[in-house]
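Quick notes on the structure that follows.
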Amino acid sequence: MTRPSILDEVLTSAGCSGETDPGDRPRFAVTNPATGDRLGHVPDMGRSEVHKAVRSAKVAFPVWSRKTAKERAAILRRWYELIHSRVDDLAQLLTLEQGKPFNEARGEILYGASYIEWFAEEAKRIEGDILPTTGPDRRMLVLKQPIGVVAAITPWNFPSAMISRKLAPALAAGCTVVIKPAEDTPLSALALAQLAKRAGLPDGALNVVTSVRAAETGEVLTSHPDIRKLSFTGSTRVGKLLMRQCAETVKKVSLELGGNAPFIVFEDADLDAAAAGAMLCKFRNAGQTCVSANRFYVHASVLDAFADKLAERMTALKVGQGLDEDTTVGPLINPAAIDKVEGLVDDAVAKGARARLGGGRHARGGNFFEPTVLENLDDTMEIARAEIFGPVVTLIPFEEEADAIQMANDTPYGLAAYFYTQNMARIWRVTEALEYGMVGLNESVLSGENAPFGGMKESGIGREGSKYGIEEYVEMKYLCHGGLGA
Ligand code: NAP
C-alpha cells in the first residue's frame, strides 16, 4: 500500500505526526476497518477545546461574513480546485479510514467538491426583496444575512461529502463553522480543512473538533449560546436527542437522519433496469448509505425473475479491501456494525426467512459480510423494520399497487424511495402517494449538488444542496424604513 501524502500532512497539522506522542494531550487512534491497521492518532478533544473552537468561530464571523459574496466565492472556488488537484490522494485516505472501494471514494470526493463549486456560485445569489410599500412615507425590504456560528456533526459513512455538503453552503452564506466528524473517520475532515486553509479561508472560519467524546462535545455544541444553528447528519436516535438539546437555546436545526428506503418493482417494470438499479442502490458503500434500498417490494408475478437477475449480478461482486483494484464491496465500518447486520439476518432466519444468497459473515473474516438476499420475510422480523446498513437485500412480494404503497409508507422514516414501472398513470399515482423527500423513478442514484437532498417524517428537517440549500444558513430580516415623507 502506498501511503497517501495527505495523511502525513493531516497528522502533522493535527500535531500527531507519525507515532510520536504529542505530549500529555489525549489522542485516539484511527484504524483501517479492512485490516485493523492503525493509520495514526488525532487529538481527543473535549469540552474546553469545543469552547475554544466556538470562540474562534465567533471571532472569525465578522471577518468572514463581511467579505463580499464574490470574495467568499473565490475562496470556495480555490478550495474546490485544490480538492480536485488532490482527488486521488484524498480518495485513498478516505478508503483507508472508511473502507469503501477506491473508485467509490474518488466519486465521493468529487461529489462533495461539487457542492463547494455549486455554493461558491450560489454565494453570489443570496438575494433579498423589496416589498410593495403600505404607505408613501416608508419602504419595506427583506435582507438575507448569515445566521452566525454553525455547529456541524457528521457520520462516518461519507466522511468527506457529508462535511462538504454542510460547509459549502454555510461558508458561502458567510457563516463560520465548528465541525465534529465521526470518531471512526476524522482524517478526511482534517484533510478538507487543511485544503480550505490553503485556499485562503481565514483563521477560525472553520474549526474541526476530533473526539471520541460525542456526547460531551455534542452537549456543548447544542447548548452554547454563541452557536445559532446545528446541522446534523446521522441516526434518527441521535438527531432527536440533539434537537431536544437545541430547544433550550432555540437553535435553528437541519437534520439529515436515517432512512428505510423502499424499492418497488411493479409487474410492468423493465426488470433488467430494476436489477441494475438495485445493485447500485444496495451495494454502494456495502449498503451503508442513508438512501440504500432497504426493503424490496416486488410484484409476486415477477419476483423470481427479478431475484434471478439480481443474483446473477451479485455473483460478480468482489468483497475485499477498498484499495484492491477489483473490490466492489468493502468491509463494514467496525465490529459493532457487523454484529448488528449479523444479528438482523440471524433473527430473520430463525423466524423463517431463507437466504437465497449469502447469509453471514464473509470468509475473509474481520468486518466483511457476504452480499445476501433474504426471502420469506414477515413483520415479526426486526429486519423488516430496521435500517439494515449492510449488503443485505430483503425480498417481499406484493399483489396490488395499493399494498405496495401502504407497506412502503409504513415506517417512521421518509428519506428516499425508488420504484420501477413503465405505466404513466401509475408513475404519478405512486410518486404523489409516497411519503418521501426523494423519489427515484426508474432510477436509483438520485443525489447531486443541484438537487434538494433531505427527508420527511423522522428522516429529517431541511434540505442540502440545490438553490434551496443556502436558505438553511441565512436569517431573513425585515427592514421597515419609515419617515421618508409623503
Ligand atoms: P450516529 O451514531 O447518529 O452518529 C453521527 C454523528 O453523531 C457522529 O459524529 C457521532 O459521533 C455523533 N454522535 C453520536 N452520539 C452523539 C451524542 N450523544 N451527542 C452528539 N453527537 C453524537 O450515526 P452513524 O452511525 O455515524 O451514521 C449512520 C446514520 O446516519 C444512519 O442512520 C444513516 O441513515 C444516517 N445518515 C443520514 C444521511 C442523510 O443525509 N439523511 C446521510 C448519511 C448518513 P461518533 O462517531 O464519535 O460516535
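First listed ligand is number 1; within each ligand, the first listed atom is number 1.
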Exercise. For Tyr80, is the NZ or CZ atom of Arg77 found under 6.0 angstrom from the centre of its six-membered ring and inside 45 degrees of the ring axis?
Worked result: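 Judged by the rule (NZ or CZ under 6.0 Å from the ring centre, within 45° of its axis), Arg77 is not positioned above Tyr80.
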Nearest non-hydrogen protein atom, [atom]:
atom	value
atom 25 (O) of ligand 1	Trp156 NE1, 3.3 Å
atom 42 (C) of ligand 1	Cys290 SG, 3.0 Å
atom 34 (O) of ligand 1	Glu387 OE2, 2.5 Å
atom 23 (O) of ligand 1	Ser235 N, 3.3 Å
atom 46 (O) of ligand 1	Glu183 N, 3.1 Å
atom 16 (C) of ligand 1	Val238 CG1, 3.6 Å

For this session: Check whether any side-chain heavy atom of Tyr473 lies under 4.5 Å from a side-chain heavy atom of Val150, and answer yes or no.
Result: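 Side-chain contact under 4.5 Å: yes.
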Record the part of [X] in heavy-atom contact with ligand 1 below 4.0 Å; permitted values are side chain, backbone, both and neither.
X	result
Glu464	neither
Phe389	side chain
Leu242	side chain
Met162	side chain
Glu216	neither
Val291	neither
Thr217	neither

For this session: Only one of Gln245, Arg213, Arg47 passes side-chain hydrogen bond (donor to acceptor under 3.5 Å, both in side chains) with Glu219; say which it is.
Result: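 With Glu219 as partner, Gln245, Arg213, Arg47 yield a single side-chain hydrogen bond (donor to acceptor under 3.5 Å, both in side chains), made by Arg47.
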Exercise. Would Leu415 and Tyr413 satisfy side-chain contact (heavy atoms from CB on, under 4.5 Å), going step by step from the backbone distance to the final call?
Worked result: CA-CA 6 Å; Leu415 189 58; Tyr413 296 102; 5.9 Å; no
Problem set entry | Geometric class of the Tyr115/Phe119 ring pair [parallel <30°, tilted 30-60°, perpendicular >60°] |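 The rings of Phe119 and Tyr115 lie parallel, inter-plane angle below 30°.
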Counting each atom of ligand 1 from 1 as listed, which ones have a heavy atom of [X] under 4.0 Å away?
X	result
Leu241	18 (N)
Asn157	43 (C), 44 (C)
Leu415	41 (N)
Arg165	40 (O)
Gly218	20 (C)
Ile153	6 (C), 7 (O), 9 (O), 12 (C)
Ala215	17 (C), 18 (N), 19 (N)

Problem set entry | Member of Asp184, Asn367, Ile338 meeting the side-chain contact (heavy atoms from CB on, under 4.5 Å) criterion with Ile333 |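 The single option meeting the side-chain contact (heavy atoms from CB on, under 4.5 Å) with Ile333 is Asp184.
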Exercise. Does ligand 1 have any atom that is closer than 4.0 Å to a heavy atom of Asp184?
Worked result: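 No; Asp184 lies far enough from ligand 1 that no heavy-atom distance drops under 4.0 Å.
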Exercise. Below 3.5 angstrom, do we get any N/O pair linking Ser459 and ligand 1?
Worked result: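 By distance alone, the answer is no.
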Problem set entry | Under-4.0 Å protein heavy-atom contact, atom 4 (O) of ligand 1 |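 It does not; no protein heavy atom is within 4.0 Å.
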Problem set entry | Ring centre gap for Tyr420 and Phe263 strictly below 6.0 Å |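 Under 6.0 Å, so yes.
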For this session: Between Ala214, Ala261, Gly437, flag the one that comes closest to atom 48 (O) of ligand 1 by a heavy atom.
Result: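 Going through Ala214, Ala261, Gly437 one by one, Ala214 has the nearest heavy atom to atom 48 (O) of ligand 1.
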